[in-house]
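For reference, the structure is listed below as structure tokens.
In what follows, chains carry the letters A, B, and so on, assigned in the order in which the sequence lines appear, proteins first and then strands, with residues in each chain numbered from 1.
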Amino acid sequence: MVTKEQILQWLQQFASAIAQNKEYLTQLDAAIGDADHGINMDRGFQKVANQLSNFAAQDISSILKSVSMTLISSVGGASGPLYGSFFLRASTAVIGKQELSNEDMVSLLQAGLDGVLQRGKAQLSDKTMIDALSPAVTTFTQIIREGKTTTEAIQQATVAAEQGMKATIPMVAKKGRASYLGDRSINRQDPGATSVYLMIQSLSEVLVESLVTSD
Amino acid sequence: MVTKEQILQWLQQFASAIAQNKEYLTQLDAAIGDADHGINMDRGFQKVANQLSNFAAQDISSILKSVSMTLISSVGGASGPLYGSFFLRASTAVIGKQELSNEDMVSLLQAGLDGVLQRGKAQLSDKTMIDALSPAVTTFTQIIREGKTTTEAIQQATVAAEQGMKATIPMVAKKGRASYLGDRSINRQDPGATSVYLMIQSLSEVLVESLVTSD
Amino acid sequence: MKKLINRPEDFVRESLIGMAKAHPDLLKVQFEPTFVYRAVAPVPGKVAIVSGGGSGHEPMHAGFVGLGMLDAACPGEVFTSPTPDQMLAAAKQVDGGGGILYIVKNYSGDVMNFEMATELAHAEDLRVLSILIDDDVAVKDSLYTQGRRGVGTTILAEKICGAAAEQGYDLQQIADLCRRVNLHGRSMGVALTSCTVPAKGTPTFELGANEIEMGIGIHGEPGCERMSIKSADEITEILATSIFEDVAYSRTVREWDENKGGFVDVQLTDPEWEKGDRLLAFVNGMGGTPLAELYIIYRKLAELCEQQGWQIVRNLIGSHITSLDMQGCSITLLKLDDEMIRLWDAPVKTASWRWGI
Amino acid sequence: MKKLINRPEDFVRESLIGMAKAHPDLLKVQFEPTFVYRAVAPVPGKVAIVSGGGSGHEPMHAGFVGLGMLDAACPGEVFTSPTPDQMLAAAKQVDGGGGILYIVKNYSGDVMNFEMATELAHAEDLRVLSILIDDDVAVKDSLYTQGRRGVGTTILAEKICGAAAEQGYDLQQIADLCRRVNLHGRSMGVALTSCTVPAKGTPTFELGANEIEMGIGIHGEPGCERMSIKSADEITEILATSIFEDVAYSRTVREWDENKGGFVDVQLTDPEWEKGDRLLAFVNGMGGTPLAELYIIYRKLAELCEQQGWQIVRNLIGSHITSLDMQGCSITLLKLDDEMIRLWDAPVKTASWRWGI
Ligand SMILES: Nc1ncnc2c1ncn2[C@@H]1O[C@H](COP(=O)(O)OP(=O)(O)O)[C@@H](O)[C@H]1O
Ligand SMILES: Nc1ncnc2c1ncn2[C@@H]1O[C@H](COP(=O)(O)OP(=O)(O)O)[C@@H](O)[C@H]1O
Ligand SMILES: [Mg+2]
Ligand SMILES: [Mg+2]
Ligand SMILES: [Mg+2]
Ligand SMILES: [Mg+2]
């Protein structure tokens with residue numbers, strides 16, 4: 001079971017990862033975009049981090065929804081609606097829950113992915129956050145379906161997200177600002193895919209660490 | 001006697017000196033002005049140089065007047081009216097002459113200096129072209145009055161112009177753009193005084209050289 | 001980075017406070033959520049024109065709020081689309097009963113945020129249509145990609161639609177007019193230097209002392225080709241030729257369908273231009289380029305248009321859609337018809353444009 | 001140097017050709033000698049307002065030729081005063097019988113060239129008066145020196161005198177009005193970067209990455225103090241305080257005396273300002289500074305004026321007197337009276353300013 005505290009820790013951890021990688025994400029965006037992905041994400045997740053203690057009394061679905069609303073109203077750009085949609089749809093998949101089973105976790109991630117797909121209309125290999133998010137969610141689902149533990153699943157999903165992120169390097173961008181570059185977008189890693197990797201990795205760190213402590 | 005050909009050579013020689021020192025004069029002006037004295041002077045004297053052959057049929061006074069008109073209508077800035085006034089007043093001092101006695105030369109230079117003084121209202125030590133022109137003209141007059149030759153007088157005048165030019169270095173500018181700098185104009189050589197030195201030096205070169213050839 | 005700013009994070013906010021102090025007769029500024037609206041809004045019965053986008057392009061859009069142009073503008077952070085709550089709040093503030101048109105530049109961020117805002121607005125029973133501007137010919141293919149960016153034509157559409165709203169056109173008419181303006185407008189830009197985003201503090205891209213970046217957008221995003229520095233005439237020729245030679249551009253855009261109550265895909269194609277067509281020629285500075293240089297560009301552009309058999313009947317020369325402190329320019333050509341000319345000439349009174357009143 | 005130009009020596013000429021092509025309804029351009037004049041000039045009976053100065057300050061002056069402002073502008077080479085033949089030819093072209101006012105910025109070059117032009121004009125029986133603008137408080141003492149430079153107040157005087165001419169004021173009245181505007185206007189500027197003169201090709205002065213130059217003029221001439229970079233608020237405070245604290249400035253200027261038929265020395269002193277006075281606040285960009293930053297400056301300036309008990313009743317924010325591509329700004333405050341306000345508000349229609357028509 002994933003607890004509400006772990007979800008809160010995840011969000012906290014992701015916010016820290018974004019803060020630490022703010023310059024790096026912005027630098028990636030400077031190369032093929034407009035040099036603000038780290039700044040955008042950090043603006044939103046600092047706000048999320050500051051509000052987490054207020055959210056603590058709510059159930060997991062409500063927490064995710066509050067996160068979504070904060071992101072939608074403070075990030076802007078492409079990543080605002082996309083991350084906003086991720087958390088909004090994720091929240092609708094776990095309504096009323098105070099803790100999450102493996103199946104709940106699958107639903108949460110799948111719904112989040114669907115939200116991003118519907119909002120952004122990107123496909124795999126368009127060189128977007130989908131290229132990290134989709135393999136991560138697929139892998140997580142598959143490992144859970146194989147009867148493995150949450151931690152195993154999220155660790156594999158992190159590997160898949162990282163591979164997906166790196167796989168964006170040789171791609172030609174089809175969506176987002178990088179698409180204006182055409183072939184000149186080749187040989188650059190997509191900033192959105194990179195922040196998605198940080199999100200999955202943060203979840204993994206939280207789940208694995210609590211495993212260690214609860215052992 | 002200074003011949004019309006020598007006057008034409010002088011103007012030609014001065015134009016070349018300006019062209020060669022265009023960057024240098026502009027650089028001096030960048031430090032305490034607006035970085036255009038060499039550009040301004042060169043614009044005017046290239047035009048003068050191109051027209052010299054047309055002027056050749058005129059008498060000396062008319063030549064100097066034509067030079068003045070060309071400078072007034074093509075240099076602009078502070079140096080346009082000042083050099084324009086120099087040659088305009090110089091021309092009125094030698095009306096109808098085809099060659100110039102030592103006294104004519106004194107009148108020419110004195111009148112030119114008066115023109116610059118009246119137009120610009122600068123005094124000695126204001127850190128302007130007056131600081132080179134005034135000692136040069138005074139020295140020339142004095143040496144002639146002492147009964148010496150034109151070449152001797154112009155050589156002494158060149159030394160005086162050079163000293164006057166260098167003497168502008170420690171001065172605080174009172175006229176022209178450099179005056180806005182107040183004390184910050186100290187330790188810079190005045191561009192206008194520098195171009196005046198080139199003018200006197202050019203005259204000296206022409207008179208001394210023809211002396212050598214005619215010897 | 002040297003800029004006339006205080007803390008980078010206060011850049012947008014403080015600039016807007018300055019606008020509010022400077023133009024109380026024209027506009028009001030609201031924070032949290034942030035939007036700028038016409039001092040007299042809502043104007044009863046009039047269709048309200050609302051636009052918005054990242055900041056850093058001033059005077060666009062807030063400088064165009066006022067009589068005969070925008071009813072509201074939603075400024076995002078620098079180069080970052082504003083958020084749906086800004087757009088929704090602006091729509092509510094200026095709705096005079098005639099409905100609201102969102103004029104949206106085609107960037108994924110702007111498109112997604114305005115789509116969310118449109119959905120939210122309809123959920124609150126506001127009548128909102130939205131039209132995309134995508135006029136940048138530097139972006140070549142559109143199939144399966146984000147398509148072209150919205151640049152110079154945006155503010156021409158805002159002026160023309162603003163005048164139409166003032167004259168009593170209804171929402172559907174203005175949406176159709178806005179779409180038509182977009183299909184008739186084409187732009188391309190060049191950068192001599194990169195801009196510097198205040199929050200980043202260093203130039204977005206590096207250009208050598210003798211390099212220029214052709215086909216740039218307005219966010220410091222790299223262009224389509226880097227080349228060695230050229231004369232103004234050569235640059236004008238490259239930009240103008242790219243526009244002249246642009247063939248009928250096709251794309252699928254999403255527009256709100258009032259009958260279906262949702263977004264639908266619409267297939268649109270730019271009409272070809274024909275010799276003798278009347279044009280509005282817009283030479284735009286990117287923020288760090290002096291006006292005198294823009295007139296040098298215009299001089300050559302006018303020459304090229306004449307040679308091509310196009311007639312410039314209106315023009316606009318100045319820094320109206322900027323990219324912070326970037327040096328460079330863009331050219332926009334808009335094929336005009338009588339109706340557009342009449343609406344272009346109609347009175348406008350905003351912080352940045354004023355004529356006829 | 002990266003600029004949108006062809007050959008540096010064609011910079012002024014080609015930019016003017018661009019203006020002529022862009023605004024045939026407003027202005028005409030003449031070469032050899034070079035001047036820009038109002039398309040409908042001479043206007044019979046009206047006093048003609050003529051200004052001029054070095055180029056590189058666009059839109060000043062050519063951008064202000066038109067109804068309600070200048071009848072002619074004489075552009076010199078970049079940062080170089082125009083020549084007397086230009087000024088004389090312009091005066092002859094626009095003389096409608098009401099006489100001509102030369103508005104001259106106080107630089108030795110401009111002063112001497114306009115003096116020669118005035119003398120030449122009188123020799124040809126034109127009726128010409130000329131008024132000096134010297135409003136830059138960065139230049140401290142005036143005794144035995146060139147005195148203060150003419151900067152921001154210049155174009156405010158051009159607007160106010162242009163409106164007066166349109167309304168039938170006679171030459172002496174307009175000269176008196178122009179002098180009054182000058183005595184009531186005060187300016188000061190700052191540079192974040194140097195400009196680059198096209199013909200020189202390198203920056204006029206070097207500023208470190210963290211340095212600014214306070215008290216600059218508009219020709220890239222160094223200012224009165226170099227300091228480390230500061231926030232927009234601190235910079236505004238330094239500029240505004242220098243203006244606020246400026247005491248009654250006295251100088252001797254030369255004006256044409258119609259009775260004597262020659263120039264005479266005139267002693268002038270700025271009147272002191274008093275609490276409650278009404279001001280026009282003008283925040284000017286130097287050419288490379290984005291509009292958004294000027295509003296940040298205006299925000300603080302408005303705050304400071306309020307604190308001082310001065311009332312800003314009119315404002316102007318934009319890049320109107322520039323120094324090529326220089327980054328920086330200047331502030332001009334003009335103490336207004338009812339007559340000036342009425343004339344400021346009067347219609348103007350030029351390439352750069354247009355209101356009321
Ligand atoms: N349509 C889309 N679908 C999925 N992801 C997208 C889409 N458009 C952009 N992105 C992602 O958004 C990232 C850029 O985010 P950000 O820089 O914050 O926004 P913006 O591009 O508006 O400046 C890209 O790297 C890409 O991963
Ligand atoms: N009033 C004056 N009297 C004499 N010389 C002057 C005066 N004003 C300026 N100058 C001279 O003019 C020079 C500058 O000329 P230039 O750079 O061509 O003109 P500008 O200052 O208009 O750019 C100065 O170095 C100075 O010697
Ligand atoms: Mg971005
Ligand atoms: Mg100079
Ligand atoms: Mg962005
Ligand atoms: Mg000069």
Measure distances from [X] to the heavy atoms of chain D and classify the residue's part below 4.5 Å as side chain, backbone, both or neither.
X: A22(C); answer: both
X: T322(C); answer: neither
X: T236(C); answer: neither
X: I235(C); answer: side chain

Among [options], single out the residue with the greatest number of heavy-atom pairs under 4.5 Å to chain D.
options: R13(C), E58(C), M19(C); value: M19(C)
options: A292(C), G288(C), G287(C), S231(C); value: A292(C)
options: K3(C), M1(C), K230(C); value: K3(C)
options: M326(C), H23(C), E234(C); value: H23(C)
options: A232(C), P347(C), P59(C), P290(C); value: A232(C)
options: G56(C), A209(C), G63(C); value: A209(C)

Using 0.5 Å steps for rounding, measure from the [atom1] atom of [X] to the [atom2] atom of [Y].
X: R299(D); Y: N6(C); atom1: CZ; atom2: CG; result: 5.5 Å
X: K300(C); Y: E14(D); atom1: NZ; atom2: CD; result: 9.5 Å
X: L291(D); Y: H57(C); atom1: CG; atom2: NE2; result: 13.5 Å

- With a 4.5 Å cut-off on heavy-atom pairs, point out which of I296(D), I357(D), T289(D), L4(D) contacts chain C the most. L4(D)
- Message: Between T193(D), N315(D), I317(D), L301(D), who has the most heavy-atom pairs with chain C when the cutoff is under 4.5 Å?
- Response: N315(D)
Given a strict heavy-atom distance threshold of 4.5 Å, which part of [X] is in contact with chain C: side chain, backbone, both, or neither?
X: I312(D); value: neither
X: S319(D); value: neither
X: I5(D); value: both

- Message: Any side-chain to backbone donor/acceptor pair from K2(D) onto G328(C)? Under 3.5 Å, distance only.
- Response: no
Contact summary for [X] and [Y], nearest pair of heavy atoms:
X: E293(D); Y: F11(C); value: CG-CE1, 4.1 Å
X: G356(D); Y: R354(C); value: N-NH2, 3.7 Å
X: S15(D); Y: Y295(C); value: O-CB, 3.5 Å

